[in-house]
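Please read the structure below before turning to the comments.
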Amino acid sequence: MSPRRVPRSVFHGQDRDRRGREPGARIAPPAERVFSSLDELFCGARINASMSGARVSTRPNRSRCHATFATAFAGPTDEHDMRRPIHRFKLLAPILAVPAVLLAAAPEAHAATFTVDDATDAADAVPGDGLCTTLGGGGCTLRAAVMESNAWAGADDIDILAGVGPFELNQVALGDLHLTDDVDISGNGNTIDGLGALRIFHVWIGVSVDISDITLRNGAGPLVGGAIYNQGDLVLTSSTLTNNTTTTHGGAIKSIAPGSLVLDKCVVDNNTAVIGGGIYSSGSLKIIESEINLNSASFGGGVYLSSTSPTLASITDTVISSNHADDRGGGVFNDAALNISTSRFEENTAVNSGGGLYAYISGTTDVFKSDFVGNAADEGGGAFNLWGQLALRRVNVEANHADSSGGGINNQGQMRLFRSTVFDNDAITGAGVYNHWFNADLDVRNSTISGNVADTTGGGLLLGQNSLATFNNTTVYDNTAAVGAGLWASALSTSTLTNTIIATNLDYIGVANDCVGTIVSDGYNLMQDVTSCTIGGLATADIYATEIVLDPLAMNGGRTPTHAVPAGTPVLDAGDPTTCLNKDQRGAPRPAGAGDCDIGAYELQ
């Protein structure tokens, strides 16, 4: 039988391999893998090097991989943020026992291509001879190809012929497929099945692996990583991981520092674990144009990010939906530095806190141009922030539910809400935003809080004891609650309002009930009903006891819906020119024309 390895410089008698590459050349990554400038924060030089086939022997300088909270929250100049450095963590590199077969002397480094044409799970006859054949001259199985690639030094290719699978890993005694040397595995639409007995892949420390166009299902990792346990640099492209499970971390994948994980156009669904039902990461993580669906865990139903993560993680253009946590973080549990952009959290659930997102103590979470829709939990249906740092910029928080507090958002940390809309959420208390406890510090700018419904207190917002809150150019309109339909503020809270509308918020019998409690006015606000409010501060040019009618919530430009202000409304040109923000919620210039800026989130042009 002819060998299934094609050495360089002998294909068709030319000094090229069978793909027409020059000696030493590697497969060029497809165009969609060209990363953005955020790779500087992601230590992307190593990721790009591994994707291009270069072997990188030295790890990147970790000091260059740390981002500050300010960098993560970089935004328009009118959106100033806190600037607390992200903590650095000591990384642990576990030492693994090496199977004896993998310690055989490797031949001289020449990359090779192994073509898999046999769906059985047989081992290679002679690992390291460069021939992918099983005992008795059998075909090239996936296991045999992996064994040859491990033994044959250099970055190799494993091409699985289309239609050969599914591949069932039924040789339990042989264990999962260890990837101990750089390799590119092209699945060509095939499926690898762990049969509920084996983890499928284990990527070793310092190894660069690219896996594409494959389905990994029914993996059962011992303790960690149902389908994949990654300690190296792994890139997964156009692949599906489904119905995998483990007893602790990472139902589909556990990826740990100093390794890195990139998922590009992947589907991760129906996986289970105790922590990180879909993905558990304590290393570098990048998720792009993927779907994380229907996974479950106690913590982090979809994704769990550990506080030991050394670099900024990112989730971009991704849908995270219908995941479940028996405790916290139905969609994502973040205890690291994470940027989320142009993504959607939908119908995720948690029994306790954070149906869509749970931001924990060490977490710095920046959410940009994304949506939280239809998520649910006991506290913080859309998002829950416990002592972490959370920024929502140009975000919609819509139709989320909490059994107790914070239908849209429950904040008990430091939170920024910029150019965003929180609407149609419900809870017993604090239906839109619940800001409570000693560490709660809420900064709301150019945002709209509308249409939220609380059974008891705080339809739009509840500001609890010992909490801080500031509002500038914000509209709190058309919310409902039994008490404090617009804003309920504890006497032990400190809330400061400037250029803000609180109006047309009603109790359950249709009576205006905009504000209950104690607030500080820095002036230039419109508050329709203040009969139950104690107002301190300057209160310069405040407008009270004046009913206004704004247009219904609609897309009036920009990314998030707003209430347009009709001509003749008293908020027009009534803002403070020294404190109003230079753009409105939509991004339109403020002020418009020769007059002063308008009160609220919308500037009439």
Side-chain angles (χ1 to χ4, degrees), residues 1-12 14 16-33 50-55 107 109-125 127-134 137-169 177-193 200-201 203 207-216 227-228 232 234-241 264-266:
M1 180 174 290
S2 60
R4 290 172 174 79
R5 175 182 63 83
V6 184
R8 301 199 187 281
S9 76
V10 296
F11 189 72
H12 296 314
Q14 300 179 11
R16 294 173 179 266
D17 67 5
R18 72 183 183 88
R19 297 183 182 178
R21 297 175 295 192
E22 299 288 350
R26 286 285 292 163
I27 299 173
E32 64 267 23
R33 294 184 194 158
S50 68
M51 291 181 63
S52 65
R55 301 197 64 191
H110 291 290
T113 296
F114 302 101
T115 302
V116 175
D117 57 11
D118 185 338
T120 64
D121 192 24
D124 190 66
D129 67 353
L131 304 177
C132 181
T133 58
T134 56
C140 180
T141 67
L142 177 60
R143 187 178 294 277
V146 168
M147 294 171 71
E148 278 296 331
S149 176
N150 290 338
W152 194 262
D156 302 315
D157 298 330
I158 295 176
D159 289 336
I160 305 174
L161 293 179
V164 172
F167 293 81
E168 296 183 345
L169 301 186
L177 302 174
H178 290 255
L179 304 177
T180 64
D181 199 10
D182 294 0
V183 66
D184 185 329
I185 301 175
S186 299
N188 293 309
N190 279 284
T191 295
I192 305 175
D193 195 326
I200 296 172
F201 289 118
V203 182
V207 175
S208 295
V209 174
D210 191 329
I211 299 174
S212 63
D213 195 17
I214 203 162
T215 295
L216 307 180
I228 300 174
L234 172 62
V235 178
L236 275 168
T237 306
S238 302
S239 295
T240 297
L241 298 94
D264 187 356
K265 298 180 179 65
C266 290

#### Entry: Side chain D213, main chain S186, donor-acceptor under 3.5 Å
no

### Query
How close do L142 and I192 get, heavy atom to heavy atom, and via which atoms?
CD2-CD1, 3.4 Å

### Message
Quick check: do I228 and L241 have side-chain heavy atoms less than 4.5 Å from each other?
### Response
yes

### Message
Applying salt bridge (charged side-chain N to carboxylate O under 4.0 Å, His left out), can you list everything that pairs with D118, at least two apart in sequence or on another chain?
### Response
none

### Query
Are the side chain of D124 and the backbone of E148 linked by a donor-acceptor contact shorter than 3.5 Å?
no

#### Entry: Check: A112 main-chain N/O paired with D156 side-chain donor or acceptor under 3.5 Å
yes

### Least distance between heavy atoms, P127 atom then A151 atom
C-CB, 3.9 Å

### Task
Evaluate the side-chain proximity of I185 to L179: yes if any heavy-atom separation is below 4.5 Å, no if none is.
yes

### Query
Between T120 and T134, is any pair of side-chain heavy atoms under 4.5 Å apart?
no

### Query
Does some side-chain heavy atom of I160 sit less than 4.5 Å from a side-chain heavy atom of F167?
yes

#### Entry: Shortest non-hydrogen contact between F114 and G130, atoms and distance
CE2-O, 3.9 Å

### Task
Working to the nearest 0.5 Å, report the span between CG of N150 and CG of D182.
10.5 Å

#### Entry: Side chains of V235 and D264 in contact at under 4.5 Å (non-hydrogen atoms)
no

### Task
For D121, enumerate each residue passing the side-chain hydrogen bond (donor to acceptor under 3.5 Å, both in side chains) test, keeping only those at least two apart in sequence or located in another chain.
R143

### Donor-acceptor pair, side chain of S239 and main chain of I214, under 3.5 angstrom
yes

### Summary
On a heavy-atom basis, the closest approach of A155 and A111 is O-CB, 2.9 Å

### Test log, rule side-chain contact (heavy atoms from CB on, under 4.5 Å), inputs L216 and F201
CA-CA 9 Å; L216 307 180; F201 289 118; 3.9 Å; yes

#### Entry: pair M147-L177: side-chain heavy atoms closer than 4.5 Å
no

### Query
If you measure from CG on D159 to CG on D184, what distance do you get to the nearest 0.5 Å?
7.5 Å

### Query
Which pair of non-hydrogen atoms, one from A144 and one from A123, has the smallest distance, and what is that distance?
CB-C, 4.2 Å

### Query
Heavy atoms, side chains only, cut-off 4.5 Å: are T115 and L161 in contact?
yes

